[in-house]
Number of protein chains: 2
Amino acid sequence: MPTSKADKAESLNNMPLIAMIKLIGGKYKPLILWRLMTGTKRYSTLRKEIPCATAKMITQQLRELEADGLIKRTVYPVVPPKVEYTLTPQGESISPVLQTMYEWGQKHLQTNQPIKTKT
Amino acid sequence: MPTSKADKAESLNNMPLIAMIKLIGGKYKPLILWRLMTGTKRYSTLRKEIPCATAKMITQQLRELEADGLIKRTVYPVVPPKVEYTLTPQGESISPVLQTMYEWGQKHLQTNQPIKTKT
DNA sequence: CGGTATCCACCTAGATACTG
DNA sequence: CAGTATCTAGGTGGATACCG
């Protein structure tokens with residue numbers, strides 16, 4: 001059974017990483033998940049905690065995370081509207097990854113000068 | 001001592017994550033670093049191991065990684081040309097992050113159906 | 001071998017205004 | 001409150017051709 005170039009490429013153990021990147025590769029996704037790790041949050045709370053992202057972005061990323069089964073969106077039929085976001089078990093299982101990223105970032109920020117912003 | 005909105009936002013412990021994302025947020029950067037974790041690689045080798053990225057992309061990402069001090073580029077003045085890429089200590093320090101990402105991806109791919117491609 | 005240069009289709013993400 | 005709609009500048013990344 002011949003191995004195609006693509007197969008060979010993907011069997012180089014790249015797939016898990018690729019899968020991961022697809023899930024949390026979004027610019028603000030790690031941030032959102034990170035914030036939700038401390039518990040259920042309302043939309044407006046998330047916005048406040050991630051002010052560098054616009055409403056549109058937050059919403060978009062939340063929808064994608066929801067579609068990927070990482071978070072759950074709960075709408076309370078009250079007025080004024082209330083929407084809460086929670087990590088699903090799937091989403092919670094990413095904690096170690098975020099934790100590791102966070103710790104590395106922390107160490108890096110201590111020992112090095114601030115990361116230069118690209119652009 | 002008053003905390004500005006921006007300060008408050010960034011003091012929510014988002015910074016380390018943001019730093020991390022800036023460094024390895026590039027589409028192929030985790031892949032490149034991951035590949036280099038198994039040792040020094042030539043440019044052509046990297047290209048073969050990450051066929052989903054074009055030459056332009058690989059080169060670009062390599063340059064950024066180099067600029068960020070994560071990898072070292074060594075040119076051997078021979079003919080035909082030979083260029084090798086190696087992780088710097090800084091780059092190696094990211095291993096745990098990639099490792100964690102990889103492991104999560106692996107587990108996820110086992111228990112779940114393939115990640116659906118966005119778009 | 002290890003790139004660069006150029007062109008271009010798409011995508012991203014911000015700003016702004018509006019809604020149930 | 002929690003979005004959606006629209007427009008748009010700028011960035012991303014693929015294809016292709018060429019170079020030292």
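Naming: A, B, ... by sequence-line order, numbering from 1 per chain.
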Q: Rounded to the nearest 0.5 Å, what's the gap from CG on A:L70 to CG on A:L33? Could you check?
A: 5.5 Å

Q | Set of side chain to side chain contact (heavy atoms under 4.5 Å, CB included) partners for B:T40, sequence neighbours left out | A | B:E84, B:T86

Q) Backbone N or O of B:S93 within a donor-acceptor pair of the A:W104 side chain at under 3.5 Å? A) yes

Q: Only counting residues at least two apart or in another chain, list the ones meeting side-chain hydrogen bond (donor to acceptor under 3.5 Å, both in side chains) with B:R73.
A: B:Y85

Q: For B:L31 and D:dG13, give me the distance from atom CG to atom P, rounded to whole Å.
A: 13 Å

Q: For the pair A:T100 (side chain) and B:T100 (backbone), establish whether a donor and an acceptor sit closer than 3.5 Å, ignoring hydrogens and angles.
A: no

(Q) I want to verify a distance call: between C:dG2, C:dA13, D:dG13, whose nearest atom is closest to the A:Q60 side chain? (A) C:dA13

Q.
Please confirm whether the shortest side-chain N or O distance from A:R47 to OP1 or OP2 of D:dG3 is below 4.0 Å.
A. no

Q: Measure from the side chain of B:K27, starting at C-beta and using heavy atoms only, and say which of D:dG13, C:dG3, D:dA2 lies closest.
A: D:dG13

Q. Could you give the CD1-to-P distance, from B:I32 to D:dG13, as a whole number of Å?
A. 11 Å

Q: Find the distance between CD (A:Q61) and CD1 (A:I24) and round it off to the nearest 0.5 Å.
A: 11.5 Å

Q. Does B:S44 have a side-chain nitrogen or oxygen under 4.0 Å from the phosphate oxygens OP1 or OP2 of C:dC1?
A. no

Q) Should B:R63 be listed as having a side-chain N or O under 4.0 Å from OP1 or OP2 of C:dG2? A) no

(Q) Is there a side-chain contact between A:V75 and A:P81 in this structure, where contact means two heavy atoms from C-beta onward sitting under 4.5 Å apart? (A) no

**Q.** Distance in angstrom units between B:K48 NZ and C:dG3 C1', rounded
**A.** 15 Å

Q. To the nearest 10 degrees, how far apart in direction are the end axes of the helix from C:dC1-D:dG20 to C:dG20-D:dC1, each fit to five base pairs?
A. 60°

Q: Report the nucleotide, chosen from D:dG13, D:dA2, C:dG2, that has the shortest atom-to-atom distance to any side-chain atom of A:Y43.
A: D:dA2

(Q) Closer than 4.0 angstrom, basic N to acidic O: yes or no for A:E64 and A:K29? (A) yes

Q: Ignoring the backbone of B:Y28, work out which of D:dA2, C:dG2, D:dG14 is nearest its side chain.
A: D:dG14

Q: Compare the minimum distances between each of C:dC1, C:dA13, D:dA2 and the side chain of B:R42, then state the nucleotide with the smallest one.
A: C:dC1

Q) Once you round it to whole Å, what is the distance between C1' of C:dG2 and CD1 of B:I50? A) 16 Å

Q) Residues two or more places apart in sequence or in another chain: which of them pass ring-ring contact (aromatic ring centres under 6.0 Å, His included) with B:Y102? A) B:W34

(Q) Mind checking if A:Y85 touches a base, just sugar-phosphate, or nothing, with heavy atoms under 4.0 Å? (A) sugar-phosphate

Q.
I'd like to check the salt bridge (charged side-chain N to carboxylate O under 4.0 Å, His left out) partners of A:K41; sequence neighbours left out, ordered by chain and number.
A. A:E49

Q | Distance in angstrom units between B:K82 NZ and C:dG3 C1', rounded | A | 17 Å

Q | For atom CD of B:Q61 and atom C1' of D:dG11, their distance in whole Å | A | 13 Å

Q | Whole-Å gap separating P (D:dA2) and OH (A:Y76) | A | 11 Å

Q) B:P80 side chain: which of D:dA2, C:dG3, C:dC1 is closest? A) C:dC1

Q. B:M57 CE to D:dG11 P: how many Å, rounded?
A. 14 Å

Q: Quick one, give me the B/S/- string for nucleotides 15-20 of chain C, reading 5' to 3', where B means a protein heavy atom under 4.0 Å from the base and S means that only happens at the primed atoms, P, OP1 or OP2.
A: B----B

